[in-house]
Student: 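Quick one: structure below, then a few questions.
Since this is a predicted model, take the numbers as computed values, not measurements. Below, read A as the first sequence line, B as the second, and so on, with proteins coming before strands; counting in each chain starts at 1.
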Protein chains: 2
Amino acid sequence: MDDQTDQTRKPRADAVRNRERVLEAAKLVFNAGGSEASLEAVAKRAGVGIGTLYRHFPTREALFEAVYRREVEQLSELAEQLKNAKDPVEALRRWLRSGVEFVATKKGMMAALALAVQSGSELHAFSFERLTKAIGSLLDRAVAAGEMRADINPEDLLRAFFGMCYVHDQPGWQATALRLLDVFVDGLRVQAAMKARPRAIAKPGKKVAKQKR
Amino acid sequence: MDDQTDQTRKPRADAVRNRERVLEAAKLVFNAGGSEASLEAVAKRAGVGIGTLYRHFPTREALFEAVYRREVEQLSELAEQLKNAKDPVEALRRWLRSGVEFVATKKGMMAALALAVQSGSELHAFSFERLTKAIGSLLDRAVAAGEMRADINPEDLLRAFFGMCYVHDQPGWQATALRLLDVFVDGLRVQAAMKARPRAIAKPGKKVAKQKR
DNA sequence: TGTTAAGCGGAGGCCGCCTCCGTATCTTCG
DNA sequence: CGAAGATACGGAGGCGGCCTCCGCTTAACA
């Protein structure tokens with residue numbers, strides 16, 4: 001009555017219910033069994049036929065995206081909050097660390113991030129845009145404050161973050177990821193870059209111009 | 001006559017030949033089609049049965065390792081050479097950049113590296129040890145010269161490297177990887193870390209102690 | 001309650017992984 | 001050289017996952 005702009009039928013109750021069931025099952029299965037769990041297993045767990053699963057989520061990726069949408073949104077909102085922090089570099093660091101925790105908690109999260117990062121899959125739009133924007137806002141502030149080098153774009157950072165978390169099923173991966181991210185953030189500071197290679201920073205327009213952004 | 005310590009039979013000629021054929025075919029197929037090409041395709045290209053392939057290389061990983069052994073060795077030797085360079089930090093940077101080129105040239109190289117990095121697969125020994133040692137030697141020199149922070153171990157660096165290259169089939173990945181690696185190396189410098197978070201460096205024994213190394 | 005279209009589900013085709021074993025081929029030794 | 005025995009070959013076949021397709025079911029609407 002309220003959100004039906006067209007004179008379309010009301011969606012069938014069983015369809016809605018099944019969609020929800022599949023999502024729930026997928027969440028359980030992915031978080032437990034990692035990202036390459038079989039979709040048949042998800043369907044079985046949801047108590048629906050494999051055909052139903054595929055109708056609601058035509059691709060594996062679509063299912064991932066749906067399952068981890070909420071998490072991506074949370075990360076995005078966290079960035080929003082951190083924008084008000086005093087130290088912009090520290091804010092970015094904090095966000096990245098939170099990202100590590102997210103990955104640690106939800107085993108399937110990496111698959112969702114992979115989706116966002118790899119951009120091959122046509123409809124990676126949602127997560128990519130959300131996360132890129134989140135990072136971008138933190139990055140911009142740090143750059144504007146003159147605390148960070150300007151030749152790294154949000155996509156780069158997202159990819160680096162993903163890369164550092166890549167080994168997320170190694171024993172000590174979490175500590176490793178945090179250490180690596182610290183190093184990376186340190187490297188992002190303007191002072192670091194200037195000390196290391198003064199010329200690289202001196203003419204910032206040159207190297208950057210060649211990228212797509 | 002020379003390399004047979006036991007009184008074992010001479011290996012059969014056809015076996016040797018087939019092994020070589022499979023390796024050759026695998027190289028072609030992996031470099032072209034990426035890392036998840038079907039092993040049946042490799043067998044067909046080599047003109048051998050699938051059974052033969054599996055006898056020589058019981059797992060997909062074993063085949064990867066065999067195919068990219070030479071490349072890993074080259075990278076390792078490059079590190080050896082770079083040890084004589086003047087600036088140890090620059091030497092490390094150079095090595096990492098060379099790594100990117102390797103990945104760019106041989107498409108299947110990433111799979112071999114994944115194998116080395118992930119340590120799950122029992123026999124990842126060779127590549128892992130080789131690359132870890134290579135990085136370690138470069139790292140140690142830089143640390144000894146007081147130019148780099150001491151709380152990053154070779155495994156960490158290898159993983160970071162791998163992570164930065166992860167998106168190796170994106171359009172502009174190479175430039176991205178190089179940029180990210182630059183940032184990372186800058187972050188490794190002692191000055192960067194001290195400027196950023198003086199206390200983290202002041203007592204180096206604390207945080208590091210908890211790792212396995 | 002009847003009509004109708006949206007939705008269900010699983011059989012089945014395809015493909016890749018991997019094993020197993022009957023057959024072919026090579027090495028060795030007399 | 002020829003026979004015997006060891007070694008390797010190769011592909012059929014079982015398994016399991018991916019995905020599609022279509023006859024049947026069932027909810028929505030009048």
Student: In whole angstroms, how far is the C1' atom of dC15(C) from the CD atom of E36(B)?
Tutor: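 So the CD-C1' distance, E36(B) to dC15(C), works out to 14 Å.
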Student: Taking atom P of dC17(C) as reference, at what distance in whole Å does atom CZ of R60(B) sit?
Tutor: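 It is 5 Å, rounded to the nearest whole Å.
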Student: Contact class for R55(A) vs. all strands (heavy atom < 4.0 Å): base, sugar-phosphate, or nothing?
Tutor: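 Result for R55(A) = base.
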Student: Using a strict cut-off of less than 4.0 Å between a Lys/Arg side-chain nitrogen and an Asp/Glu carboxylate oxygen, indicate whether R17(A) and E20(A) qualify as a salt bridge.
Tutor: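 No.
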Student: Looking at dC9(D), I'd like to know if its phosphate oxygens (OP1 or OP2) sit under 4.0 Å from a side-chain N or O belonging to H56(B).
Tutor: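 For dC9(D), OP1/OP2 do have a side-chain N/O of H56(B) under 4.0 Å.
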Student: Between dG9(C) and T52(A), is there an OP1 or OP2 to side-chain N/O distance shorter than 4.0 Å?
Tutor: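 It does, given that an N or O in the side chain of T52(A) lies less than 4.0 Å from OP1 or OP2 of dG9(C).
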Student: Record whether the side chain of R9(B) comes under 3.5 Å of the base of dA6(D) through a donor-acceptor pair of N or O atoms.
Tutor: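 No, the side chain and the base share no sub-3.5 Å donor-acceptor pair.
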Student: Strictly below 4.0 Å: does R12(A) bring a side-chain N or O up to OP1 or OP2 of dA5(C)?
Tutor: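 Answer no for this pair, as no side-chain N or O of R12(A) is under 4.0 Å from OP1 or OP2.
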Student: Salt bridge or not between R97(A) and D182(A)? Use side-chain N to carboxylate O under 4.0 Å.
Tutor: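 A salt bridge links R97(A) with D182(A).
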Student: Should N18(A) be listed as having a side-chain N or O under 4.0 Å from OP1 or OP2 of dC8(C)?
Tutor: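 Affirmative; the distance criterion is met.
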Student: What's the CG-P distance between D14(A) and dG9(C), to the nearest Å?
Tutor: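 Interatomic distance, CG of D14(A) to P of dG9(C): 8 Å.
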Student: From C-beta outward on I50(A), which listed nucleotide comes closest to its side chain: dA11(C), dC9(D), dT19(C)?
Tutor: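 Between dA11(C), dC9(D), dT19(C), the one nearest the side chain of I50(A) would be dA11(C).
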Student: Mind calculating the distance between CG (L63(B)) and C1' (dC18(C)) to the nearest angstrom?
Tutor: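 Checked: the CG to C1' distance equals 14 Å.
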Student: Between K83(B) and E80(B), does at least one N-O distance fall below 4.0 Å, as a salt bridge requires?
Tutor: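 Judged by the 4.0 Å cut-off on N to carboxylate O distance, K83(B) and E80(B) do form a salt bridge.
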Student: Nearest to the K10(A) side chain among dC8(C), dC18(C), dA28(D), which nucleotide is it?
Tutor: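 Nearest to the side-chain atoms of K10(A), counting from C-beta on, is dA28(D).
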Student: Would you mind reading off the distance between Y54(A) atom OH and dG13(C) atom C1', rounded to a whole angstrom?
Tutor: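 Distance, rounded to whole Å: 14 Å.
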Student: Is E90(B) paired with R93(B) through a side-chain N to carboxylate O contact shorter than 4.0 Å?
Tutor: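 Looking at R93(B) and E90(B), the cut-off is met.
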Student: Within a strict 4.5 Å, meaning less than it, do heavy atoms of the M148(A) and L139(A) side chains meet?
Tutor: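 When only atoms from C-beta onward are counted, L139(A) and M148(A) do touch, with a gap below 4.5 Å.
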Student: Can you check the K44(B) NZ to dG16(C) C1' distance for me, whole Å?
Tutor: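 Whole-Å distance recorded here is 12 Å.
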Student: How many Å lie between CG on L39(B) and C1' on dT19(C), as a whole number?
Tutor: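 The answer, rounded to whole Å, is 14 Å.
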Student: Here's a test of your reading of the structure: between V48(A) and E40(A), which maps to the more 5' nucleotide of DNA chain C?
Tutor: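 The 5'-side residue here is V48(A).
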Student: Could you tell me the separation between the CZ atom of R19(A) and the P atom of dC8(C), rounded to a whole number of Å?
Tutor: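 Distance check: R19(A) CZ to dC8(C) P gives 11 Å.
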Student: Toward the 5' end of DNA chain D, which comes first, A13(A) or P58(A), by nearest nucleotide?
Tutor: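 The answer here is P58(A).
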